[in-house]
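Right, one structure below, let's go through it.
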2 protein chains.
Amino acid sequence: MKSQAMLKIGELAALASVSRDTLRFYEKQGLITPGKRNNVGYRLYSETDVNRVSFIISAKEVGFTLNEIHQLLELEVTKDEKSCQDIKQFVDAKISIVNERLEDIKRIKKSLQTLSNACCGGDEPATQCTILEALSEQTN
Amino acid sequence: MKSQAMLKIGELAALASVSRDTLRFYEKQGLITPGKRNNVGYRLYSETDVNRVSFIISAKEVGFTLNEIHQLLELEVTKDEKSCQDIKQFVDAKISIVNERLEDIKRIKKSLQTLSNACCGGDEPATQCTILEALSEQTN
DNA sequence: ATTGACCTTAGACGCCACTCTAGGGTTTAT
DNA sequence: ATAAACCCTAGAGTGGCGTCTAAGGTCAAT
């Protein structure tokens with residue numbers, strides 16, 4: 001017995017920190033399924049839609065394109081053995097991309113932290129004063 | 001005594017997996033400093049340039065815009081106390097963005113893994129068959 | 001019952017990050 | 001010595017991702 005308070009586009013937009021236009025655009029692109037309308041044609045969004053939008057935003061923030069996100073959202077593992085291998089292959093490929101990004105972002109974070117700690121009352125040598133120098137320090 | 005074999009644009013492009021045009025574009029945007037030319041005007045890139053380009057690419061892949069990357073590359077902590085606080089503030093703000101991205105990407109990775117393991121000869125219930133379901137599983 | 005905030009559409013517009021084109025010079029291989 | 005592969009510039013073109021505009025309908029408050 002879920003209390004399904006459907007949201008209007010402006011409400012979802014506020015919740016997700018995107019514009020109404022962006023939501024309509026995502027719908028046009030097929031990222032959000034057209035969904036229900038009320039009696040006068042206003043879009044109504046369910047909790048599932050909210051999750052979908054928040055996934056889209058997260059995925060976009062970490063560098064996936066809308067196209068890739070579309071593929072991810074389309075994924076649906078069925079009992080069909082035939083499609084199963086395809087999906088596993090696709091997903092595993094994405095996982096390795098994600099792993100690379102994870103490493104990239106960790107490296108960037110570390111170098112930012114080195115930068116933040118260095119030179120500013122810190123006791124790091126003055127040579128570590130740009131992000132590239134901070135990055136190259138790490139490889140040691 | 002570093003053996004500084006300077007690279008021509010095509011060689012750097014191949015090394016960094018970008019196009020020559022992209023490198024010229026980055027130069028025009030000020031992301032790569034104009035650097036040296038040989039006697040007939042060909043660009044020559046040093047190891048520092050290689051590192052710079054690879055940083056740009058990594059940062060781009062994890063969702064930074066060229067503008068943000070420009071700011072990051074410009075950062076240089078000096079002994080100047082006055083600029084120091086500004087830089088620390090800026091860098092710390094970037095670190096918190098990076099932290100959020102890190103969380104996003106970890107969540108996405110986990111859900112991809114759930115998806116990869118589920119349904120495909122695995123013993124997961126059939127309800128965990130889309131990425132959104134895999135994502136929502138995690139929050140438990 | 002009118003104002004203002006919200007919703008609809010279709011289509012134009014804008015920014016970012018390239019990518020290509022034209023027209024030229026240089027280097028390398030055969 | 002000629003072709004293929006590389007380099008140069010300036011500037012036009014493109015695709016992704018929104019964002020805005022015009023012209024309209026709906027809803028809540030005063």
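The sequence lines fix the lettering, A, B, ..., with proteins before strands; numbering per chain opens at 1.
If you take CG on L12(B) and CZ on R52(B), they are separated by 12.5 Å, rounding to the nearest 0.5 Å. Taken to the nearest 0.5 Å, the CD atom of E74(B) stands 9.0 Å off from the CG atom of L31(B).
Per the geometry, CG belonging to L12(A) stands 10 Å off P belonging to dC7(C), to the nearest Å. Taking atom CD1 on I32(A) and atom P on dC17(D), their separation rounds to 14 Å, with Å as the unit. Regarding E11(B), its CD atom lies at a distance of 13 Å from the C1' atom of dT28(C), rounded to whole Å. Between E27(A) atom CD and dG18(D) atom C1' the separation is 15 Å, expressed in whole Å. If you take CZ of R24(A) and C1' of dC17(D), they are 16 Å apart, rounded to a whole angstrom. Distance, L44(A) CG to dT8(C) C1': 13 Å, rounded to whole Å. To the nearest angstrom, P of dC6(C) lies 16 Å from OH of Y45(A).
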Please assess D104(A) against R101(A) for the test salt bridge (Lys or Arg N to Asp or Glu O under 4.0 Å), listing each intermediate value before the final yes or no.
CA-CA 5 Å; D104(A) 282 344; R101(A) 298 224 172 118; over 6 Å; no

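A heavy-atom distance below 4.5 Å is not found between the side chains of V62(B) and V98(B). A 4.5 Å side-chain heavy-atom check between T65(B) and I69(B) finds every atom pair outside the cut-off. Within the 4.5 Å cutoff, no side-chain heavy atoms of I56(B) are placed close to those of V18(B).
From one end of the helix from dA1(C)-dT30(D) to dT30(C)-dA1(D) to the other, with five pairs defining each end axis, the axis direction shifts by 10° (rounded to 10°).
Under 3.5 Å, the side chains of N99(B) and S96(B) contain no donor-acceptor pair of N or O atoms.
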Produce the list of close N/O pairs, under 3.5 Å, pairing protein atoms with atoms of nucleotides 17-21 of chain C; give distances to one decimal.
from, atom 1, to, atom 2, distance (Å)
dA17(C), OP1, L66(B), N, 3.0
dC18(C), OP2, Y26(B), OH, 2.6

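In the hydrophobic clustering of ILVMFWY residues, with side-chain heavy atoms under 4.5 Å counting as a link, I97(B) and F90(B) come out apart. Residues Y42(A) and L7(A) fall into different hydrophobic clusters, defined by Ile, Leu, Val, Met, Phe, Trp and Tyr side chains chained together at heavy-atom separations under 4.5 Å.
The stretch residues 35-43 of chain A touches DNA chain D through V40(A), Y42(A), each having a heavy atom under 4.0 angstrom from the strand.
For the pair I9(B) and K8(A), both in contact range of DNA chain D, the more 5′-proximal nearest nucleotide belongs to I9(B).
Between R20(A) and dC6(C) there is no side-chain polar atom (N or O) within less than 4.0 angstrom of OP1 or OP2.
The backbone N or O of Q89(A) sits nowhere less than 3.5 Å from a side-chain atom of D92(A) that would complete a donor-acceptor pair.
A salt bridge does not link E27(A) with R20(A): none of the charged nitrogens is closer than 4.0 Å to a carboxylate oxygen.
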